Chemist: 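Can you keep this structure in mind? I'll have questions shortly.
Just follow the structure's listing: the first ligand is 1, and inside any ligand the first atom is 1. Nothing here was measured: the structure is a model prediction, and the numbers come from that model. Values below: all heavy atoms of this structure, side chains included; hydrogens, waters and symmetry mates excluded.
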Amino acid sequence: MNKDQLWKASLGQLELEVSRGNFLTWFQTTKIKKVTDGKVLIETPTAFTYEWLSKKYRHSILTVLQNLDSTVTEVDFCIKSRSVSAYKPLRKSFRIMARKIAKSSMKKGGQVLPSPSIMTQKRTQRLALTLNPKYTFDNYVVGPSNEIAHAACRAVSGKPGEAYNPLFIYGGVGLGKTHLLQALGNEVLRLNSSARVLYVTSEKFINDFVQSIQEHKTQLFKQQYRDIDVLIVDDVQFLAGKEKTQEELFHTYNALHSQNKQIVLSSDRSPSSISTFEERLKSRLAGGMIIDIQQPDYETRLAIIREKAQKKNKSLSDDSLAFIAKNFQKNVRELEGALNKVLAHCELGNQKATLDFTKKVLESVLEKPQQRIVDSQSIIKTIGSYYTLPIDDLCGKSRKKEIVRPRQIAMYLLRKENNVSFPTIGDYFGGRDHTTAMHACDKIEKLLEHDDALLKEINFIKERLYA
Ligand code: ADP
Ligand code: MG
């Protein structure tokens with residue numbers, strides 16, 4: 001096995017071990033630079049990736065390499081030479097790095113820039129209004145699910161245009177993307193009150209753009225979006241299918257980037273899974289830093305509601321807090337909603353938030369159709385009966401179109417609903433390779449982005465499953 005084959009095989013293994021988001025972020029653009037006397041040197045595209053891989057994944061990578069090639073004794077990392085000049089190799093943990101960057105720019109703040117004119121001051125003030133001061137880094141709780149995103153936002157706020165440009169943060173709804181982006185903007189302003197920070201949702205960006213065309217004021221639009229230091233565009237997934245606006249964002253990006261101005265974007269999914277995103281926009285994004293936020297673990301959830309309750313000067317018993325953190329797992333917005341509901345009821349009834357009281361208040365919310373757990377065989381059976389296919393055919397060797405698609409849907413649902421591993425899915429379907437299962441899930445996911453009929457079909461199957 002040569003080094004490229006070795007790495008390819010290792011990536012295949014690693015992909016099964018880490019979440020998809022992490023895989024795409026950390027492993028996709030790496031390679032083995034050389035192997036000398038059992039020592040494998042892995043090349044990473046940026047200092048950030050270097051830090052992360054060598055800190056968090058060194059052990060897993062070594063184990064995987066050794067499984068494939070018993071002569072491997074050690075693994076080390078390096079940064080691709082092009083980026084060494086841009087980002088010096090960082091030995092310290094990225095958190096220390098982020099803090100340092102923030103500090104050094106705090107010292108510089110104000111001195112470097114000439115004092116702004118009244119006009120600019122007014123504009124800065126107007127732009128600052130796009131930020132909500134309630135979102136800060138101080139009240140953002142950091143845990144394993146969001147620590148990288150948080151560190152990157154901090155680093156960027158300390159040195160806009162220098163650290164990671166563009167910065168792209170993605171993750172499911174209610175996981176704190178908007179909070180982080182706004183905190184970044186607020187922090188830039190705190191460190192340098194004359195910085196021009198513009199936060200917009202992608203809907204606003206689209207509307208402004210469309211309006212500027214209708215009113216023949218595109219020049220003004222361009223000026224507004226280019227004459228700034230930090231541009232933050234939230235929820236760019238809504239730009240999917242809006243080609244003209246994407247093109248405009250692309251030009252805005254180029255204009256800002258060429259002046260070392262910072263761009264920060266967020267989305268509910270990774271750039272590569274926004275299927276109708278222009279290729280050149282995707283490739284620009286890939287040149288920056290792409291980071292995902294995941295669902296918070298129990299400790300982080302507990303810390304978040306503790307922090308939120310404290311901010312409101314309200315106290316809840318420890319077991320009530322634990323109850324809420326345990327029962328609201330998917331997103332922070334719902335978690336916060338549950339807390340607020342309990343607090344409001346306490347206030348209304350002039351009650352203490354005991355565990356019993358908390359349970360009673362949240363009873364109705366928790367009783368909402370909770371997803372029943374279904375076993376994997378029922379998923380396969382349901383698909384078979386939905387498409388009137390014998391299970392043997394569904395799990396068999398046939399490559400007929402009318403069997404392949406249902407089979408892919410079955411694989412997709414096993415993965416999505418029951419989180420079955422790809423190798424196991426392969427086993428369910430006549431001992432197919434795990435890559436076949438992976439391919440099937442990817443395929444259905446891609447199709448679902450624009451195929452409404454398929455979406456309906458799958459929803460219908462799910463209804464049957466959980467009925
Ligand atoms: P998103 O933009 O990802 O949909 P938001 O940023 O709007 O999510 O977050 C939803 C709510 O949860 C907000 O009120 C936000 O303050 C809160 N929140 C999310 N993550 C955290 C966190 N880590 N610490 C504190 N509050 C959080
Ligand atoms: Mg948001």
Chemist: For Tyr135, counting its heavy atoms only, list the atoms of ligand 1 lying under 4.0 Å from any of them.
Modeler: 16 (O)
Chemist: Cation-pi check, Arg280 to Phe250: give yes when NZ or CZ is under 6.0 Å from the six-membered ring centre and within 45° of the ring axis, no otherwise.
Modeler: yes
Chemist: Starting from atom 21 (C) of ligand 1, which protein heavy atom do you reach first, and at what distance in Å?
Modeler: Tyr140 CE1, 3.7 Å
Chemist: Between Leu175 and ligand 1, is there a nitrogen or oxygen pair with a distance under 3.5 Å?
Modeler: yes
Chemist: Give the residue, atom name and distance (to 0.1 Å) of the protein heavy atom nearest atom 23 (N) of ligand 1.
Modeler: Val141 O, 2.8 Å
Chemist: State the atoms of ligand 1, each with its element, that fall below the 4.0 Å cut-off from a heavy-atom position in Asn146.
Modeler: 23 (N)
Chemist: How close does the nearest protein non-hydrogen atom get to atom 18 (N) of ligand 1, and which residue and atom is it?
Modeler: Val332 CG1, 3.2 Å
Chemist: Ignoring hydrogens, what is the shortest heavy-atom contact between Thr136 and Ala183? Give both atom names and the distance.
Modeler: C-CB, 3.5 Å
Chemist: I'd like to know whether NZ of Lys416 has more than 12 heavy-atom contacts from other residues, nucleotides or ligands below 6.0 angstrom.
Modeler: no
Chemist: Judged by modelled atom types alone, do Thr178 and Asp234 share a side-chain donor-acceptor pair under 3.5 Å?
Modeler: yes
Chemist: Which atoms from ligand 1 have a heavy atom of Val173 less than 4.0 Å away?
Modeler: 4 (O)
Chemist: Identify, for atom 17 (C) of ligand 1, the protein heavy atom at the shortest distance, and state residue, atom and that distance.
Modeler: Glu336 OE1, 3.4 Å
Chemist: Identify the protein heavy atom lying closest to atom 8 (O) of ligand 1, giving its residue, its atom name and the separation to 0.1 Å.
Modeler: Gly176 N, 3.0 Å
Chemist: At less than 2.8 Å, would any N/O/S atom of Ser266, backbone or side chain, sit next to the Mg ion (ligand 2)?
Modeler: no
Chemist: To check your reading of the model: name the closest protein heavy atom to atom 4 (O) of ligand 1, its residue, and the distance in Å.
Modeler: Gly174 N, 2.7 Å
Chemist: Report the residue from Phe238, Phe221, Tyr253 that forms a ring-ring contact (aromatic ring centres under 6.0 Å, His included) with Phe205.
Modeler: Phe221
Chemist: Where is the nearest protein heavy atom to atom 10 (C) of ligand 1: which residue, which atom, and how far?
Modeler: Arg333 NE, 3.7 Å
Chemist: Regarding Lys312 and Asn340, do their side chains bring together a donor and an acceptor under 3.5 Å, going by distance alone?
Modeler: yes
Chemist: Just which atoms of ligand 1 are under 4.0 Å from any heavy atom in Lys308?
Modeler: 15 (C), 16 (O), 17 (C), 25 (C), 26 (N), 27 (C)
Chemist: Are more than 12 heavy atoms from other residues, nucleotides or ligands located less than 6.0 Å from atom NZ of Lys31?
Modeler: no
Chemist: Counting only N and O atoms by type, is there a donor-acceptor contact under 3.5 Å from the side chain of Gln262 to the main-chain atoms of Tyr164?
Modeler: yes
Chemist: What protein heavy atom sits nearest atom 6 (O) of ligand 1, and how far off is it?
Modeler: His179 N, 2.8 Å
Chemist: Under a 4.0 angstrom heavy-atom cut-off, which atoms of ligand 1 come close to Asn139?
Modeler: 24 (N), 25 (C)
Chemist: With no hydrogens and no angle check, just 3.5 Å: does a side-chain donor-acceptor pair link Asn327 and Gln329?
Modeler: no
Chemist: Looking at Phe422, I'd like to know if the NZ or CZ of Arg415 sits under 6.0 Å from its six-membered ring centre while staying within 45 degrees of the ring's axis.
Modeler: yes
Chemist: Any atoms of ligand 1 less than 4.0 Å from a non-hydrogen atom of Thr178? List them with their elements.
Modeler: 1 (P), 2 (O), 6 (O), 7 (O)
